[in-house]
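Model, not experiment: these values are computed from the prediction.
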Amino acid sequence: MNKGKFYITTAIAYTSRKPHIGNSYEIVLTDAIARYKRLCGYDVYMLTGTDEHGQKIEEYAKAAGVTPKEYVDKVAGEIKGICDTLNTTYDKFIRTTDDYHEKCVQKIFKKLYDQGDIYKSEYEGLYCTPCESFWTQAQLVDGKCPDCGREVKKAKEEAYFLRLSKYQKRLEEYIEQNEHFIYPESRKKEMLNNFIKPGLQDLCVSRTSFKWGIPVTFDDKHVIYVWIDALSNYITALGYDPDGSSELYKKYWPADVHIIGKDIVRFHTIYWPIMLMALGEPLPKQVYGHPWLLFGTDKMSKSKGNVIYADDLVKLLGVDAVRYYLLAEMPHANDGSISYETIIERYNSDLANTLGNLVNRTIAMTNKYFTGVVPAPTKEEELDNELKAAAAAAVAGVDENINSYHMADAVEAVMNLAKRCNKYIDETAPWTLAKDESQKERLGTVLYNLLEGIRFIAVLISPFMPDTSKAIIEQLSCDVTDYDSLASFGGLKAGTTVKTPTPLFIRIDAEKMLSEIAEKQKAAAAKEKTIEEIEGVAKIGIEDFAKVDLRVAEVTDCVPVKRAKKLLKLTLNDGTETPRTVASGIAKWYKPEDLIGKKVVVVSNLKSAVLCGVESCGMILAADCGEDDVRVVFVDGMPNGAKIR
């Protein structure tokens with residue numbers, strides 16, 4: 001039965017680099033929801049894809065020595081490959097470099113300009129390059145970008161602006177009247193109280209300082225800024241066109257839900273709705289901002305060899321085990337955590353023991369006691385009703401929790417049924433019943449109930465672990481797998497012959513696997529170090545370099561440090577009102593009088609450290625020019641405080 005359309009989207013992934021396992025949670029989450037809706041009878045359309053324009057991509061490509069298009073082609077291919085590896089059932093994979101998307105974005109920009117919702121002006125503000133966002137001084141946190149915590153820089157350029165302020169009241173009323181538009185509630189309150197009610201500033205929607213973007217058709221100095229470009233993908237993918245949209249668009253828009261990370265809720269619940277209001281199009285029904293998946297308590301790092309990629313994890317454990325972990329481990333509102341220890345623990349306890357063992361021994365007993373033929377349930381007892389109630393509760397639990405995006409609770413509802421089935425085995429002791437010929441009917445009823453409980457599990461886990469679901473159904477030789485068959489207990493046909501049991505999940509030797517992983521991490525870290533040694537420099541990303549704040553500073557005083565022959569204590573004027581003290585191990589090569597009055601380069605945002613009683617607030621740059629020859633980098637003639645980049 002067709003219950004109508006259901007349009008679901010992920011955020012499109014930015015093509016800066018291959019995504020690690022934490023970035024893969026969203027596509028698996030979205031796919032599980034889409035699969036469940038299809039199972040329930042909805043006509044589902046699932047969209048994912050890649051966001052491929054912007055200054056950061058231009059810089060990455062330049063650093064890699066390739067064109068921006070060559071760079072994004074490679075990364076987009078990796079992202080799409082991970083989606084496929086994780087067995088996701090997207091209906092379309094959009095790229096913002098797709099020709100039809102670029103042309104439509106240009107039309108959208110022109111339409112908004114022609115009707116006065118976009119205007120030309122000049123922007124002067126604080127700009128974060130990694131986030132591609134402008135900020136006011138009041139929005140900064142500790143003087144840095146409120147989103148990523150990196151340095152911002154003053155920027156001034158001609159730009160086009162979208163009139164957010166014009167639609168502020170209308171948006172505020174819409175959010176308050178549609179209580180589930182922003183979900184969960186905490187994100188809704190944050191948007192209203194922190195961003196909308198204090199007053200919306202018009203949004204910069206074009207740039208002139210880089211070229212890797214969609215050109216403004218009527219002003220070729222400008223490229224269309226990321227938000228109009230990227231956010232429009234949700235409608236351009238369906239064939240939206242200001243001059244007349246496709247039947248696909250008319251069928252599926254508005255989206256039933258945008259599944260996005262909590263860090264981009266603002267863009268999807270303020271900028272995007274206002275764009276749609278200005279275009280005269282319906283707003284999406286819901287925006288769900290999910291939490292993040294973190295790597296234990298440690299940051300992933302190539303130099304530590306601990307970066308986890310989805311495709312590598314699939315090779316280690318299998319697709320369904322990875323999907324299961326991602327969905328089962330992530331809380332609804334708080335950030336989740338991933339580590340090899342917890343992955344293996346869940347694999348062994350939930351998949352190998354609880355689920356795999358249940359299926360294996362039930363089918364084995366059916367083969368042993370009834371030559372593989374599913375017996376009819378002819379001798380019911382009160383205990384059986386508890387198992388049937390558990391099956392009904394699992395169906396209700398999955399439905400309630402998936403529809404409220406409590407995915408871990410939905411997975412747990414199915415696993416609880418598996419645990420109840422295992423308990424039922426212990427309670428009924430089929431091996432004991434098999435010893436008494438007079439209990440043959442009761443034994444048959446017990447095994448039927450177990451097989452039917454397993455059928456319920458197989459249907460219910462199909463959105464989470466589709467391959468495992470198919471394997472169970474295959475071993476049951478069952479053809480009753482539709483969602484409606486779960487309305488009552490007893491859909492499995494007696495007389496069917498089950499297959500020979502095949503283990504679904506082989507228990508992992510945790511100690512052995514963790515030891516092997518540790519060795520691989522050690523080798524990866526060593527390889528990374530070797531590469532650094534060979535090339536003479538550690539490879540870092542643009543965003544890593546952007547974290548280092550280099551400033552010109554004048555040495556106003558310099559004295560030796562007592563009890564430290566190698567150290568000199570330098571007092572620096574770095575353009576601020578407060579003198580800066582730096583301890584530097586250059587006493588072997590320089591006397592204080594050699595340095596006073598000189599201009600040096602100081603790493604100004606280095607954490608302070610106490611060296612031989614001197615609090616050193618920074619580090620000056622020097623070069624190794626020989627086996628025993630160190631020379632300070634002097635930059636005389638530059639103003640104090642000038643930033644070097």
Side-chain angles (χ1 to χ4, degrees), residues 348-398 411-462 465 468-469 471-481 485-507:
N348 282 338
S349 63
D350 294 1
L351 301 182
N353 289 359
T354 300
L355 177 60
N357 193 36
L358 167 67
V359 174
N360 193 269
R361 62 178 176 162
T362 300
I363 293 179
M365 286 190 290
T366 305
N367 276 292
K368 181 177 181 180
Y369 301 137
F370 290 91
T371 62
V373 178
V374 177
T378 56
K379 192 174 182 181
E380 298 280 351
E381 292 185 4
E382 184 60 34
L383 184 62
D384 304 341
N385 293 328
E386 294 182 24
L387 183 64
K388 294 175 184 178
V395 175
V398 169
V411 173
E412 186 179 16
V414 185
M415 203 53 63
N416 284 341
L417 175 56
K419 290 175 182 176
R420 186 64 189 86
C421 287
N422 280 317
K423 183 181 178 184
Y424 181 78
I425 292 176
D426 295 336
E427 292 169 335
T428 56
W431 49 88
T432 301
L433 294 173
K435 295 176 182 178
D436 186 348
E437 187 62 30
S438 67
Q439 295 287 351
K440 189 78 172 180
E441 283 188 79
R442 179 58 189 157
L443 175 62
T445 302
V446 166
L447 287 178
Y448 177 87
N449 289 339
L450 284 169
L451 292 167
E452 174 67 349
I454 290 170
R455 186 185 72 85
F456 266 65
I457 291 169
V459 176
L460 290 173
I461 65 167
S462 61
M465 297 188 288
T468 302
S469 173
I472 295 173
I473 293 297
E474 173 69 18
Q475 291 190 44
L476 290 176
S477 298
C478 179
D479 59 1
V480 184
T481 59
S485 71
L486 305 184
S488 60
F489 198 88
L492 184 64
K493 296 174 184 176
T496 304
T497 301
V498 299
K499 301 288 179 63
T500 301
T502 305
L504 298 173
F505 301 96
I506 305 298
R507 186 173 174 81

Leu383 backbone acceptor or donor facing Tyr424 side chain under 3.5 Å: no
Measuring from atom CG of Leu460 to atom CE of Met415, what distance do you get when rounded to the nearest 0.5 angstrom? 11.0 Å
Step-by-step side-chain contact (heavy atoms from CB on, under 4.5 Å) determination, Ile461 to Ile472: CA-CA 10 Å; Ile461 65 167; Ile472 295 173; 4.1 Å; yes
Hey, is the main chain of Ala364 close enough, under 3.5 Å, to the side chain of Asn367 for a donor-acceptor pair? no
Keeping the roles fixed (side chain from Thr497, backbone from Val373), state whether a donor-acceptor pair exists under 3.5 Å. no
Work out which heavy atom in Gly444 is nearest to a heavy atom in Pro375; give both atom names and the distance. O-CG, 3.1 Å
Set out, in order, the CA-CA distance, both residues' side-chain angles and the distance that settles side-chain contact (heavy atoms from CB on, under 4.5 Å) for Thr502 and Glu474, then state yes or no. CA-CA 10 Å; Thr502 305; Glu474 173 69 18; over 6 Å; no
Between Arg455 and Cys478, the two heavy atoms sitting closest are CD-SG, 3.5 Å
Could you measure the distance from the CG atom of Leu447 to the OG1 atom of Thr366? Nearest 0.5 Å is fine. 4.5 Å
Rounded distance (nearest 0.5 Å) linking atom CG of Leu450 with atom OG1 of Thr362: 4.5 Å
Please evaluate residues Arg361 and Asn422 with respect to the criterion side chain to side chain donor-acceptor pair (under 3.5 Å), reporting the C-alpha separation (whole Å), side-chain torsions for both, the decisive distance (0.1 Å), and the verdict. CA-CA 10 Å; Arg361 62 178 176 162; Asn422 280 317; 3.2 Å; yes
Could you tell me if Lys440 sits above the aromatic ring of Tyr369, with its cationic atom closer than 6.0 Å to the ring centre and no more than 45 degrees from the axis? no
So which heavy atom on Leu351 is nearest to which on Phe505, and how close? O-CD1, 3.5 Å
Apply the test side-chain contact (heavy atoms from CB on, under 4.5 Å) to residues Thr445 and Glu380: give CA-CA distance (whole Å), side-chain angles for both, the deciding distance (0.1 Å), then the verdict. CA-CA 7 Å; Thr445 302; Glu380 298 280 351; 4.0 Å; yes
Report yes if the side chains of Ile454 and Gln475 come closer than 4.5 Å at any heavy-atom pair, otherwise no. no
So, taking the atom named CD in Glu381 and the one named CG in Asn449, what distance separates them when rounded to the nearest 0.5 Å? 10.5 Å
Can you tell me how far apart OG1 (Thr354) and CG (Asn348) are? Round to the nearest 0.5 Å. 10.5 Å
What is the minimum heavy-atom distance between Asp426 and Trp431, and which atoms define it? OD1-CH2, 4.5 Å
How close do Gly453 and Phe489 get, heavy atom to heavy atom, and via which atoms? N-CZ, 4.0 Å
Can you tell me how far CZ of Arg420 sits from CG of Leu358, rounded to the nearest 0.5 angstrom? 12.0 Å
Run the salt bridge (charged side-chain N to carboxylate O under 4.0 Å, His left out) check on Lys493 and Asp479 step by step: do they pass? CA-CA 9 Å; Lys493 296 174 184 176; Asp479 59 1; 3.5 Å; yes
If you look at every heavy atom in Val480 and Gly491, which pair is closest and at what distance? CG2-O, 3.6 Å
